[in-house]
Amino acid sequence: MTDPIRVTVWNEYRHEKKSPKIAAIYPDGIHGAIASFLGVQPGITAGTASLDEPEHGLTDEVLSNTDVLIWWGHMAHREVKDEIVDKVQARILNGMGLIVLHSAHFSKIFRRMMGTACSLKWREIGEKNRMWVTAPGHPIVEGLGEYFEVPHTEMYGEFFDIPQPDEQIFISWFQGGEVFRSGCCFYRGRGKIFYFQPGHETFPIYYQEEVQRVIVNAVRWAAPVNVVGFRNIPDAEHVVEPMDSVP
Ligand code: ZN
């Protein structure tokens, strides 16, 4: 039997404290809602962390015991300490998975991993989002159909300033006419990153079955691959002796 995948769901946890309307949708916070559907999946354990905890809840111990980190943030990206971002980046480069949700496109950690502005277009009128699957052989879309719809959401539109994704999983159409690369995979060092657009805080999107399914699938995809004896990144290695004789 393999060890469970250990997930930490990180949320800045500010909207839920400030807005009774949002607190009514997510009484235990967005992180609580996500951890509760993940925690009942076979082979997955889920904990939470948030901005106002010491070290934002991401101590060395928590990070070294996290296989996949999920990140939700919106209004307080700038309050995340750079030294914590440094540690999270180092863990990703050495194999930890990262799932970046919705407005976390502007989080420090996602921008650090992408190296671009990660800016986009947006509009908040509760329009429909049709998420088209563009990688039907990919494990993240296991169990979905050709597309699924989020009935009311915030529009995110192109141009989304990210590097060309290593794998494009979803492209969204929005009722107002825009399109968006709404599910994108990236490989960085030994780690895997999935950006997933659904999740505006004023709609109950993380209770939707297809959205939960994608996040569960993404956790399984992003979990570290066990490579024995692999060097620590970013260290280089001076290989003095060739493996085979060189004439
Ligand atoms: Zn939003």
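Indexing begins at 1, ligand by ligand and atom by atom, following the structure's order. As the structure is a prediction and not an experimental result, all values here were calculated from the model.
- For R112, the salt bridge (Lys or Arg N to Asp or Glu O under 4.0 Å) partners at least two apart in sequence or on another chain are D86.
- Within 6.0 Å of the CD atom in E124, the count of heavy atoms belonging to other residues, nucleotides or ligands exceeds 12.
- Ring to ring, Y26 and Y13 are not that close: their centroids are 6.0 angstrom or more apart.
- Restricting E154 to its N/O/S atoms, the shortest distance to the Zn ion (ligand 1) is reached by OE1.
- Shortest distance from the Zn ion (ligand 1) to H200 is reached at ND1 (N/O/S atoms only).
- Aromatic ring centres of F106 and H74: separated by at least 6.0 Å.
- The atom of H102 that is an N, O or S and sits closest to the Zn ion (ligand 1) is NE2.
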